[in-house]
Number of protein chains: 2
Amino acid sequence: MTDKKPHHHGNLRAALVEAGVTLVQTGGPDALSIRKVAAAAGVSHAAPAHHFPSLVHLRTAVVAEGYRRFTASMEAAIAEATDTPRDAALGACFGYLRFARANPGLFDMMFGTKDCLYDDPDLREAADTSYAVLARISAPFAGADPVDTELAIWSIIHGFASLAVGGNGMHEAPDLEALFTRLFAALDLNAG
Amino acid sequence: MTDKKPHHHGNLRAALVEAGVTLVQTGGPDALSIRKVAAAAGVSHAAPAHHFPSLVHLRTAVVAEGYRRFTASMEAAIAEATDTPRDAALGACFGYLRFARANPGLFDMMFGTKDCLYDDPDLREAADTSYAVLARISAPFAGADPVDTELAIWSIIHGFASLAVGGNGMHEAPDLEALFTRLFAALDLNAG
DNA sequence: CAGCAGAACTTTACAACGTCAAGTTCACCG
DNA sequence: CGGTGAACTTGACGTTGTAAAGTTCTGCTG
């Protein structure tokens, strides 16, 4: 029953990333600060330095966590649509869109020009896993060059999601998923 | 012909925005700082406060200037393509893509979640002018709902440009414009 | 079990930032 | 000529990222 703490509780690194995700979700990418995640985890402002040598490292870890949740959002939406490959692709897009709308700060951080360590293995793996989902749902429609199909689907859902998230002139459509479904139908996918 | 300076040279506000654009272009959105633009313009660190009550106002002005250059980039590319409406639309997309690649920082700032004063009249006008270009080149393909067509074109070029700018897994294709031309061809545009 | 090496964390410090409050200089108008 | 207000400066405060040095705990070795 001693109050023995290693120094912190169990895993400070994970607690810092969790706090960072919360900060980014509530206050946008710029709300992420070393001192705030430290305070949220109940440690001194310099404690994170041991796990994240600089703010860029912390950002990288938060973005990587973002990609994991992003992948989960797409997988969950795909699981809802068990019919045609087209349904699966559209489902992935819904998961894409839902994630972007639910986590605008993380989404912006993941796909913006925020400096991250793009060579970080953890980030690379998380991002590659996301891309693999996209490649998987695109495969049934692949033409001469599969990358063309992947990029067509990726571009249209990414553009749509980005515009839906930004405050920029995107019409406040009542049902964005129905709207996107029409746009998706305009894509001439082989063997749709 | 006297060397009289009012206090500064001619137009400090414009000089600050110009310096801000340069900062954003070279160092990304976060490199924009009141004190740096003040130093670049050769005034004290508090001088900008008179023209921009806060950093958010300065950001807004820089983003508005970004939209103006963005519009100019699209118009220039449209002017190169004087054939079919399809050529004009594709040209606008090229201008879109070129701007994004040439000014990644500005592009991210314009379409990211950066807090700006979206109600600012100057910004509104600049953004609306950009949207008008898009609506213009989309008009020839309009179906039942013109917005559907605009959004289809906007989404695919915006997504493509965003992905091309980000460090995210976008294949370093040798000729992005040729690649996009193929994607654009997959769009089933009415009366293409 | 003793003791030490190193990891984990704290404390202190510094420069740069946004912003506020005063003070100063200049332009312009009566 | 005088004074009013805009344009700009100076100084200060709190917050940030980061470096350096000190302290406490962990775990392993002998």
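Below, chain A is the first sequence line, B the second, and so on; all start at residue 1. Predicted, not measured: the structure shown is a model, and the values here were computed from it.
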Show every donor-acceptor pair shorter than 3.5 Å between a side-chain atom in residues 17-30 of chain A and any protein atom, with sequence neighbours excluded, or say none if there are none.
| unit_1 | atom_1 | unit_2 | atom_2 | d |
| --- | --- | --- | --- | --- |
| A:E18 | OE1 | A:R69 | NH2 | 3.1 |
| A:T22 | OG1 | A:E18 | O | 3.1 |
| A:Q25 | NE2 | A:N103 | OD1 | 2.7 |
| A:T26 | OG1 | A:T22 | O | 3.0 |
| A:T26 | OG1 | A:L23 | O | 3.2 |
| A:D30 | OD1 | A:K114 | NZ | 2.9 |
| A:D30 | OD1 | B:K114 | NZ | 3.1 |
| A:D30 | OD2 | B:K114 | NZ | 2.5 |

Taken in chain and number order and not counting sequence neighbours, the residues that satisfy side-chain contact (heavy atoms from CB on, under 4.5 Å) with A:A81 are A:D87
Should the pair A:R68-A:D122 be classified as a salt bridge under the 4.0 Å nitrogen-to-oxygen rule? yes
Electrostatic pair A:R136-A:E75, nearest N-O below 4.0 angstrom: yes
Roughly how many Å is it from [atom1] in [X] to [atom2] in [N], rounded to a whole number?
X      : N      : atom1 : atom2 : answer
B:D115 : C:dG18 : CG    : C1'   : 13 Å
B:H50  : C:dT19 : NE2   : C1'   : 15 Å
A:D30  : D:dG17 : CG    : P     : 11 Å
A:N11  : C:dA7  : CG    : P     : 17 Å
B:H51  : C:dT19 : NE2   : C1'   : 17 Å

Output the single nucleotide from D:dC8, C:dC9, D:dG17 whose closest atom is nearest the side chain of A:S33. D:dG17
Which nucleotide sits closest to the side chain of A:L12: D:dA6, C:dC9, D:dT18? C:dC9
Which atom pairs, donor and acceptor, lie under 3.5 Å between side-chain atoms of residues 33-40 of chain A and protein residues at least two apart or in another chain?
| unit_1 | atom_1 | unit_2 | atom_2 | d |
| --- | --- | --- | --- | --- |
| A:S33 | OG | A:R35 | N | 3.3 |
| A:S33 | OG | A:K36 | N | 3.0 |
| A:K36 | NZ | A:A31 | O | 3.2 |

Sort me out a list of protein N/O and nucleotides 10-14 of chain C N/O pairs below 3.5 Å, or just none if empty.
| unit_1 | atom_1 | unit_2 | atom_2 | d |
| --- | --- | --- | --- | --- |
| C:dT10 | OP1 | A:S44 | N | 3.3 |
| C:dT10 | OP2 | A:S44 | N | 2.5 |
| C:dT10 | OP2 | A:S44 | OG | 2.6 |
| C:dT12 | O4 | A:H45 | NE2 | 2.9 |

Counting C-beta onward and ignoring hydrogens, is there a side-chain heavy-atom pair between B:L151 and A:L183 closer than 4.5 Å? yes
Mind listing the side-chain donor-acceptor pairs of residues 51-63 of chain B below 3.5 Å, one per line with the distance, residues two or more places apart or on another chain?
| unit_1 | atom_1 | unit_2 | atom_2 | d |
| --- | --- | --- | --- | --- |
| B:S54 | OG | B:V56 | N | 3.1 |
| B:S54 | OG | B:H57 | ND1 | 3.1 |
| B:H57 | ND1 | B:S54 | N | 3.4 |
| B:R59 | NE | B:D115 | O | 3.4 |
| B:R59 | NH2 | B:D115 | OD1 | 2.8 |
| B:T60 | OG1 | B:V56 | O | 2.8 |
| B:T60 | OG1 | B:L117 | N | 2.9 |

In residues 54-62 of chain A, which residues come under 4.0 Å of DNA chain C by heavy atom? none
Below 30° counts as parallel, above 60° as perpendicular, anything between as tilted: where do the rings of A:Y67 and A:F70 land? perpendicular
